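For reference, the structure is listed below as structure tokens.
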Amino acid sequence: MRRTERPATVGQETASGPCRVEADESSAVVRVLGLLEPAGVPAVRDALLTRLSERPGPVVVDLTHLWVADPATRSVFADVQREVAGWPAAGLLLCDPAVAGDGPDPALAGVPVLPSLDAALAALARSPMAAVLSADFAPVVDAARQARGLVAEGCRRWGVPALVEVGGIAVTELVNNVVAHAGTPMTVRIAPAGEALHLSVRDHSPRPPAFVGPAATTSIGGRGLLLVDALADSWGSTPLPDGKLVWCVLPAAP
């Protein structure tokens with residue numbers, strides 16, 4: 001039987017307390033503990049998305065001491081996995097001892113699940129280190145030029161030089177949106193995925209990304225997310241507790 005409906009006790013620890021998320025700053029492990037009720041789902045989602053926005057690479061989420069009032073609340077982890085699918089070098093790996101006794105949980109479809117923390121960490125260790133580049137920029141006009149340099153460096157390093165131009169255009173639009181509309185410091189992150197390029201810009205404004213409409217084709221920037229939409233296979237914006245993250249996936253040249 002899954003850990004549902006009633007608080008339970010493990011050793012001296014009771015699951016009667018509210019759900020909380022504890023991040024281990026020295027590793028990729030995040031622990032979700034306590035009793036997860038529907039009202040607590042948004043806080044868990046926000047905590048995991050914030051962690052993934054701050055640290056590239058997959059995160060191991062330890063559910064050993066998580067209980068749920070409603071089994072459907074466990075779908076928050078699959079929701080987060082889908083949300084970050086287009087982000088550069090981001091994903092979840094769950095540690096859930098319940099899978100050993102009860103079999104796969106449909107609410108966790110699409111999320112790799114291991115039965116112990118040791119098994120999850122071993123699986124993480126077997127995975128190749130994510131190729132990723134990140135840089136922080138101030139909200140100034142020159143930020144777009146610096147971000148294009150980061151994209152060019154990554155594309156050359158990862159053997160996808162054909163994406164230098166399209167990546168430079170996309171990052172210019174995303175960065176200029178932050179400069180013009182958010183006015184906060186930002187983090188640009190890029191990572192390869194096969195022959196595609198995943199790119200994100202994270203800022204600290206809750207204001208949604210702005211479509212500023214078309215501009216002259218000779219201008220640098222100012223064409224807004226309409227251009228990103230035309231260039232990318234997919235793109236989106238994820239609200240975060242202290243801002244947002246805008247991402248796009250740029251396909252390999254045909």
Side-chain angles (χ1 to χ4, degrees), residues 21 23 27-30 32 42 44-61 75-94 108-112 123-124 127-137 143 147-148 150-151 153-155 157-158 160 163 166-175 177-178 182 184-209 225 228-229 231-252:
V21 179
S27 74
V29 176
V30 174
V32 185
V44 171
R45 175 190 178 277
D46 285 349
L48 292 176
L49 289 173
T50 297
R51 173 69 167 180
L52 288 161
S53 74
E54 293 173 346
R55 177 181 180 137
V59 168
V60 173
V61 182
S75 64
V76 64
F77 304 106
D79 292 342
V80 169
Q81 185 81 319
R82 286 190 292 270
E83 183 67 39
V84 304
W87 293 19
L92 298 182
L93 184 63
L94 298 186
L108 301 178
V111 189
L124 185 65
S127 302
M129 181 68 69
V132 60
L133 288 176
S134 298
D136 297 326
F137 300 112
R148 288 194 296 271
L150 183 75
V151 169
E153 177 186 349
C155 289
R157 180 181 299 186
W158 302 322
V160 287
L163 288 174
V166 68
I169 294 171
V171 80
T172 294
E173 300 307 328
L174 297 184
V175 167
N177 246 281
V178 176
T184 74
M186 72 193 87
T187 300
V188 175
R189 182 169 295 157
I190 57 172
E195 295 184 341
L197 184 70
H198 290 233
L199 187 156
S200 70
V201 178
R202 193 255 202 265
D203 65 46
H204 299 276
S205 167
R207 182 175 180 174
L225 292 173
V228 174
D229 184 66
L231 294 173
D233 264 354
S234 58
W235 74 275
S237 177
T238 302
L240 298 170
D242 66 339
K244 63 183 175 295
L245 183 146
V246 184
W247 58 270
C248 66
V249 179
L250 303 170

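Please read these numbers as outputs of a predicted model, since none were measured by experiment.
Closest non-hydrogen pair, L92 versus F77, comes out as CD1-O, 3.5 Å. The heavy-atom pair separating C248 from V228 by the smallest distance is CB-CG1, 4.0 Å. The two residues A143 and F137 come nearest to each other via the heavy atoms CB-CB, 4.1 Å. What you find for S205 and A182 is that their closest heavy atoms are CB-CB, 3.6 Å. Taking each heavy atom of P209 and L225 in turn, the nearest pair found is CB-CD1, 3.3 Å. When all heavy atoms of T50 and P241 are compared, the pair lying nearest together is OG1-CD, 3.3 Å.
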Would you sort out whether V80 and L52 count as a side chain to side chain contact (heavy atoms under 4.5 Å, CB included), showing the intermediate values? CA-CA 10 Å; V80 169; L52 288 161; 3.9 Å; yes
Give the intermediate values and the outcome of side chain to side chain contact (heavy atoms under 4.5 Å, CB included) for residues R157 and L133. CA-CA 10 Å; R157 180 181 299 186; L133 288 176; 3.2 Å; yes
What's the verdict on side chain to side chain contact (heavy atoms under 4.5 Å, CB included) for L199 and L174, showing C-alpha distance, side-chain angles and the deciding distance? CA-CA 10 Å; L199 187 156; L174 297 184; 3.4 Å; yes
Would you please test V84 and T238 for side chain to side chain contact (heavy atoms under 4.5 Å, CB included) and show each step? CA-CA 9 Å; V84 304; T238 302; over 6 Å; no
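By the salt bridge (Lys or Arg N to Asp or Glu O under 4.0 Å) test, R82 pairs with D79, sequence neighbours left out. Residues that satisfy the side-chain hydrogen bond (donor to acceptor under 3.5 Å, both in side chains) test with E54, not counting sequence neighbours, are absent from this structure. Residues that satisfy the side-chain hydrogen bond (donor to acceptor under 3.5 Å, both in side chains) test with T184, not counting sequence neighbours, are absent from this structure.
Taken to the nearest 0.5 Å, the NZ atom of K244 stands 15.0 Å off from the CG atom of L49. Note: Q81 CD to L94 CG = 8.0 Å, rounded to the nearest 0.5 Å. With values rounded to the nearest 0.5 angstrom, L163 atom CG is found 5.5 Å from C155 atom SG. One distance of note links CG of D242 with CG of D203; it measures 9.0 Å at 0.5 Å rounding. One finds the CG atom of L240 at 8.0 Å from the CZ atom of R45 (value rounded to the nearest 0.5 Å). Between the CG atom of L150 and the CD1 atom of I190 there is a distance of 4.5 Å, given to the nearest 0.5 Å.
Checking side-chain atoms of R189 against main-chain N and O of S53 turns up a donor-acceptor pair under 3.5 Å. Using a distance-only test at 3.5 Å, with no hydrogens or angles considered, no donor-acceptor pair links the side chain of H198 to the main chain of V249.
By the 4.5 Å heavy-atom criterion applied to side chains, S234 and W247 are counted as neighbours. Looking only at side-chain heavy atoms (C-beta outward), L197 and V151 come within less than 4.5 Å of each other.
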